[in-house]
Amino acid sequence: ADIAINVDRWMLGSETAIFHDFRLFAAKSTRGGQLRDQFFLTASGHIGTYIFPMDIRRVPPQSSPSSLSPPWTTKLKGKTVPANSQFQYGDGMEVRFIDNPGRFPSARPYRRGDLLFQDRGVDHGKNFHFFESSDGSAYMELVPHGYNGIDRREEPFQSHAVVPVNFYAPSFEPLGKLDFLFSGRKIVKGKPRVSYFTDEIRSKKGNPKPKRSFRSHVPKHLRPNLKFRGTSQIIDMVLNGQHVKVGISHSVAEGLIDKNTNETVTYRRVYLSQFYAFSPDPPFEIVAISGHFCFNHMMESDDGYSAQWISKRPLHNRTAPIMIDRKEIRCPLITFAHGMAEMIGHGGRNVIITYGVDDCYSRSIIVPKRKIEMLLLGQGVEDSSNVTQ
């Protein structure tokens with residue numbers, strides 16, 4: 001199946017386009033259940049991040065004799081997005097969201113995002129991760145590490161910040177409230193776009209404790225007060241015999257000359273990434289952080305390489321390098337690791353990382369957990385010389 005859905009038109013109506021950076025994840029919505037039985041979609045907008053319960057399933061294409069779809073048996077009550085319509089390109093899969101179209105028939109286009117944020121908003125930031133602690137409780141990660149709070153005056157500093165989430169619900173009704181998801185979220189009076197969390201959990205040790213596992217040139221950050229932001233989802237690993245959660249953060253290097261030293265680490269605005277590991281229980285202390293690294297361009301040996309439009313570009317254009325500390329590094333200017341999951345089979349030894357490149361195409365790579373362990377702990381890892389590169 002090959003489909004594309006215009007979420008803006010379905011949620012907000014015509015003449016409005018605010019959503020980007022979509023993320024799909026599954027969570028346990030039945031108390032006492034062991035299955036992650038409900039999909040949720042998050043999307044960034046002009047205000048912040050929105051969240052929508054949703055369903056998705058494979059169905060026979062409309063051209064098939066058995067194209068009649070069976071009834072839904074999930075908690076959502078919204079309508080199915082019609083295939084081959086103004087809302088959806090293609091068929092073979094059915095999708096529905098908590099809300100139906102036509103929610104804002106009289107609201108002006110520029111006001112619809114604000115109105116929707118009141119009921120479907122999460123926070124004014126973006127790039128949030130959702131994960132479970134060792135006892136199965138759900139949390140949303142606000143900042144992966146290096147967080148100093150909203151006013152940057154309240155200890156602890158340089159923290160890992162998360163908030164609890166409650167996904168349990170008997171049903172998800174159109175126009176229904178979702179305020180039970182984040183019971184600690186408060187809206188600043190008179191400022192519907194500004195929110196904060198009263199139940200925020202911040203780690204005590206902060207960063208740079210622990211120190212980065214290997215030395216790398218630290219970029220001059222584009223946003224000094226928000227140096228580190230999340231990207232991929234979080235996986236479970238064992239590090240030095242300890243169960244941990246592992247994610248990927250990213251920093252946006254400014255690429256400008258430092259007025260104090262008259263030097264610059266990166267000569268242009270560049271995305272750099274880091275692995276980080278944290279304890280699976282509150283307050284979710286950071287236990288390891290890698291140095292900065294970057295992801296690669298597409299390669300001629302990639303599956304589906306010739307189908308990518310950018311593969312037709314000349315080699316020097318398609319694989320243009322970045323400059324870090326006056327050295328050429330064969331990495332794109334923008335790489336955003338949007339997904340990370342344990343690969344099925346192979347004894348759980350590998351993970352799949354998916355990332356976008358220059359906002360032009362996506363790429364998936366298979367990475368051994370041993371390689372991630374090496375990057376987090378440094379070359380001192382036992383048998384690290386045998387890690388697949």
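- For the atom pair CZ of Phe197 and CG of Leu142, the computed distance is 5.5 Å after rounding to the nearest 0.5 Å.
- Residues Glu132 and Lys28 are paired through a salt bridge, judged by an N-O separation under 4.0 Å between the basic side chain and the carboxylate.
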task = Check step by step if side-chain contact (heavy atoms from CB on, under 4.5 Å) holds for Phe104 and Leu12.
result = CA-CA 7 Å; Phe104 306 108; Leu12 302 172; 3.9 Å; yes

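- Connection of Ile365 to Val357 is established within a shared hydrophobic cluster, with ILVMFWY side chains joined at heavy-atom distances below 4.5 Å, either directly or through further cluster members.
- Considering CZ of Arg112 and CG of Asp8, their distance stands at 11.0 Å, rounded to 0.5 Å.
- Residues Asn240 and Leu377 are in side-chain contact: their nearest non-hydrogen atoms beyond the backbone lie under 4.5 Å apart.
- Side-chain contact between Phe25 and Thr42 is present, with heavy atoms from C-beta onward closer than 4.5 Å.
- Heavy atoms of other residues, nucleotides or ligands lying less than 6.0 angstrom from NE2 of His243 number 12 at most.
- Annotation: Phe284 is in aromatic contact with Phe131 [ring centroid separation under 6.0 Å].
- Linking Ile, Leu, Val, Met, Phe, Trp and Tyr whenever their side-chain heavy atoms come within less than 4.5 Å puts Ile201 and Ile286 in one cluster.
- Using a 4.5 Å heavy-atom cutoff, the side chains of Met374 and Phe275 are not in contact.
- Of the N and O atoms on the side chains of Glu141 and His160, at least one donor lies less than 3.5 Å from an acceptor on the other residue.
- Residues His338 and Tyr355 place their aromatic rings such that the two centres sit no closer than 6.0 Å.
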Practice task
Before giving the answer on side-chain contact (heavy atoms from CB on, under 4.5 Å), spell out for Ser251 and His292 the whole-Å C-alpha distance, their side-chain angles and the decisive distance to 0.1 Å.
Solution key: CA-CA 9 Å; Ser251 302; His292 291 91; 3.9 Å; yes

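- For Ile366, the CD1 atom counts as loosely surrounded, since its 6.0 Å shell holds 12 or fewer non-hydrogen atoms of other residues, nucleotides or ligands.
- When hydrophobic clusters are built by joining Ile, Leu, Val, Met, Phe, Trp and Tyr residues whose side-chain heavy atoms come closer than 4.5 Å, directly or via intermediates, Tyr89 is not grouped with Ile3.
- More than 12 heavy atoms of other shown residues, nucleotides or ligands fall within 6.0 angstrom of atom CG in Asp135.
- For the pair Ile98 and Arg120, the minimum side-chain heavy-atom distance is below 4.5 Å.
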Where do Lys204 and Glu285 land on the side-chain contact (heavy atoms from CB on, under 4.5 Å) test, with the steps shown first?
CA-CA 7 Å; Lys204 308 298 183 184; Glu285 296 287 358; 3.2 Å; yes

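- Between the side chain of Gln88 and the backbone N or O of Gly90, at least one donor-acceptor pair lies under 3.5 Å.
- For the atom pair Ser44 OG and Arg23 CZ, the distance stands at 8.5 Å (nearest 0.5 Å).
- The hydrophobic cluster containing Leu375 does not contain Met343, counting ILVMFWY residues as joined when their side-chain heavy atoms lie under 4.5 angstrom apart, directly or transitively.
- Between the NZ atom in Lys186 and the OG atom in Ser183 there is a gap of 7.5 Å [rounded to 0.5 Å].
- Salt bridge Lys77/Glu173: absent, no basic N to carboxylate O contact under 4.0 Å.
- For Phe167 and Phe180, the ring centers sit 6.0 Å or farther from each other.
- The cluster map of Ile, Leu, Val, Met, Phe, Trp and Tyr, joined by side-chain heavy atoms under 4.5 Å apart, puts Tyr305 and Ile353 in the same cluster.
- Note: Phe130 and Tyr139 fail the aromatic proximity criterion, with ring centroids not under 6.0 Å apart.
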task: Could you check Phe278 against Ile234 for side-chain contact (heavy atoms from CB on, under 4.5 Å), going step by step and ending with a plain yes or no?
output: CA-CA 10 Å; Phe278 61 93; Ile234 292 169; 3.8 Å; yes

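- Residues Ile51 and Leu41 form no side-chain contact, since every pair of their non-hydrogen atoms from C-beta on lies 4.5 Å or further apart.
- With contacts defined as side-chain heavy-atom distances shorter than 4.5 Å, the pair Ser133/Pro280 does not qualify.
- Although no hydrogens or angles enter the test, the distance criterion places a donor-acceptor pair under 3.5 Å between the side chain of Lys369 and the main chain of Gly348.
- Salt bridge Arg96/Glu94: absent, no basic N to carboxylate O contact under 4.0 Å.
- If you check the side chains of Asp123 and Thr49, you find no donor sitting under 3.5 Å from an acceptor.
- Arg185 is not listed as a side-chain neighbour of Asp179, based on a closest heavy-atom distance of 4.5 Å or more.
- Between Lys177 and Asp119 the shortest side-chain heavy-atom distance falls below 4.5 Å.
- Aromatic ring centroids of Phe293 and Phe295 lie under 6.0 Å apart.
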